[in-house]
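Structure first, then comments.
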Amino acid sequence: YGASQLERRPYRMLFVGASITAGVGAETQSQSFPYVLAGEVEKKVGQVRLTIIASSGAPVHRALPWRYPSGQDVIVVHLATNDFLDGTELPAYKSELETILQRFRAGSPHAAMVCLGTWSAPDAVNKLGLGPSAYDAIDKGDCDSVNGHFIPLQPLFEQPKLHNPAPLALAPRLLLGMRDVGGKDVAFHPSAAGHAAIAESVYDTLVQADALRPPTQMVRGDSRYA
């Protein structure tokens with residue numbers, strides 16, 4: 001085959017979601033959960049190629065037409081929260097989520113796929129009178145159908161220490177994005193500590209799934225890989 005050299009391709013990680021995936025709540029981009037997770041994964045597998053496709057407030061139907069790269073090693077999807085908050089009808093949510101997850105699986109057949117549940121208090125109720133558990137159940141079922149791993153986020157949401165505190169001298173309950181969590185008025189989105197906790201949950205899941213292995217080496221200059 002002539003002169004060739006071994007080269008290990010980057011480990012490819014795709015994150016798809018809304019405001020939390022975009023880093024809202026973290027003080028810096030490097031503190032957002034995709035970057036925290038990628039940093040930890042890099043210690044295990046070498047170079048990581050990180051792709052984040054996210055838009056604040058996005059429910060699943062808004063993410064369907066987005067363009068996504070294929071050939072990923074890990075795909076983390078967090079699109080449950082806004083469908084719950086917006087009151088998406090459950091049949092529509094199930095169909096849309098199933099469609100996008102199957103699209104990810106078709107494009108990345110060997111990827112470890114992780115689906116994150118609603119970032120919400122368990123006792124919250126939307127305009128349809130439904131709680132987040134109804135959406136999480138669909139999330140888990142659809143994720144299982146593509147051989148993915150579902151992670152509930154409500155246990156993390158319920159910890160006030162994982163949110164930023166409400167600003168002083170304001171009326172937090174009147175401000176968009178403030179919530180009473182554990183008797184404390186805090187920001188709705190996770191703080192840097194919350195983002196780190198989400199990253200840790202995903203990392204543990206990837207370890208348990210034996211997904212953190214360096215990519216197979218490929219041969220540059222070999223026509224078999226052209």
Side-chain angles (χ1 to χ4, degrees), residues 10-60 62-63 66-69 72-82 84-85 104 111-121 149 151-170 172-173 175-182 184-207 211-212 214:
Y11 188 86
R12 300 163 182 155
M13 302 184 71
L14 171 64
F15 294 80
V16 179
S19 55
I20 294 177
T21 304
V24 173
E27 296 174 18
T28 64
Q29 185 183 57
S30 64
Q31 292 179 334
S32 65
F33 91 86
Y35 279 85
V36 174
L37 178 60
E40 290 303 308
V41 169
E42 197 163 40
K43 297 174 185 177
K44 294 277 288 185
V45 303
Q47 182 185 2
V48 168
R49 178 177 296 166
L50 178 61
T51 302
I52 300 173
I53 303 176
S55 177
S56 292
V60 177
R62 220 167 86 194
W66 297 347
R67 297 183 63 184
Y68 303 102
Q72 301 298 297
D73 296 294
V74 168
I75 302 175
V76 181
V77 185
H78 187 209
L79 288 166
T81 303
N82 290 299
F84 163 64
L85 295 176
F104 293 148
M113 194 178 302
V114 177
C115 307
L116 303 181
T118 53
W119 179 256
S120 173
H149 308 275
I151 300 176
L153 294 185
Q154 291 170 35
L156 298 182
F157 183 93
E158 289 189 287
Q159 300 181 46
K161 66 181 181 180
L162 300 183
H163 301 256
N164 287 318
L168 297 175
L170 293 175
R173 295 185 196 284
L175 296 178
L176 181 64
M178 293 296 169
R179 294 292 189 278
D180 180 338
V181 177
K184 295 184 178 181
D185 291 315
V186 297
F188 173 75
H189 290 91
S191 60
H195 276 271
I198 294 171
E200 182 180 6
S201 295
V202 179
Y203 182 84
D204 289 346
T205 296
L206 294 176
V207 169
L212 299 182

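Only a predicted model underlies this, so the values are computations on that prediction, with no experimental measurement involved.
- With sequence neighbours left out, the ring pair (Phe, Tyr, Trp, His ring centres under 6.0 Å) criterion links Phe84 to Tyr135.
- Closest non-hydrogen pair, His163 versus Ala187, comes out as ND1-O, 2.8 Å.
- The closest side-chain heavy-atom distance from Phe15 to Val202 is not below 4.5 Å.
- The structure places NE2 of His189 at 5.5 Å from CD1 of Ile20, a figure rounded to the nearest 0.5 Å.
- Within the 3.5 Å criterion, the main-chain N or O of Ala26 finds no donor-acceptor partner in the side chain of Ser32.
- The two atoms that bring His149 and Thr205 nearest to each other are CB-CG2, 3.6 Å, heavy atoms only.
- Residue Phe157 holds its CZ atom at 9.0 Å from OG1 of Thr81, rounded to the nearest 0.5 Å.
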Which pairs would a plain distance check flag for residues 191-199, meaning a side-chain donor or acceptor within less than 3.5 Å of a matching protein atom at least two apart in sequence or in another chain?
from: Ser191; atom 1: OG; to: Leu162; atom 2: O; distance (Å): 3.2
from: Ser191; atom 1: OG; to: Ala193; atom 2: N; distance (Å): 3.3
from: Ser191; atom 1: OG; to: Gly194; atom 2: N; distance (Å): 3.3
from: His195; atom 1: ND1; to: Phe33; atom 2: N; distance (Å): 3.0
from: His195; atom 1: NE2; to: Val24; atom 2: O; distance (Å): 3.0

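- Legend: residues meeting side chain to side chain contact (heavy atoms under 4.5 Å, CB included) with Ala22, ordered by chain and number and at least two apart, are Ala54.
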Residues 37-51 side chain polar contacts: donor-acceptor under 3.5 Å, at least two apart:
from: Glu40; atom 1: OE2; to: Lys43; atom 2: NZ; distance (Å): 2.9
from: Glu42; atom 1: OE2; to: Val48; atom 2: N; distance (Å): 3.4

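- To the nearest 0.5 angstrom, Ser19 atom OG is 11.0 Å from Trp119 atom CH2.
- A distance of 5.0 Å separates CG of Leu212 from OH of Tyr11, quoted to the nearest 0.5 Å.
- When every heavy atom of Ile52 is checked against every heavy atom of Pro34, the shortest pair comes out as CD1-CB, 3.7 Å.
- Considering OG of Ser201 and CG of Leu116, their distance stands at 8.5 Å, rounded to 0.5 Å.
- Leu206 approaches Ala112 most closely through the heavy-atom pair CD2-CB, 3.9 Å.
- For His78 (side chain) and Gly117 (main-chain N/O), a donor-acceptor pair under 3.5 Å exists by modelled atom type.
- A donor-acceptor contact shorter than 3.5 Å is absent between the side chain of Asp73 and the backbone of Met13.
- Shown here are the ring pair (Phe, Tyr, Trp, His ring centres under 6.0 Å) partners of Tyr35, two or more places apart in sequence or in another chain: there are none.
- Taking Asn82 as the reference, nothing meets the side-chain hydrogen bond (donor to acceptor under 3.5 Å, both in side chains) condition, with sequence neighbours excluded.
- Contact annotation: the side chain of Ile53 approaches that of Pro69 to within less than 4.5 Å [non-hydrogen atoms, C-beta and beyond].
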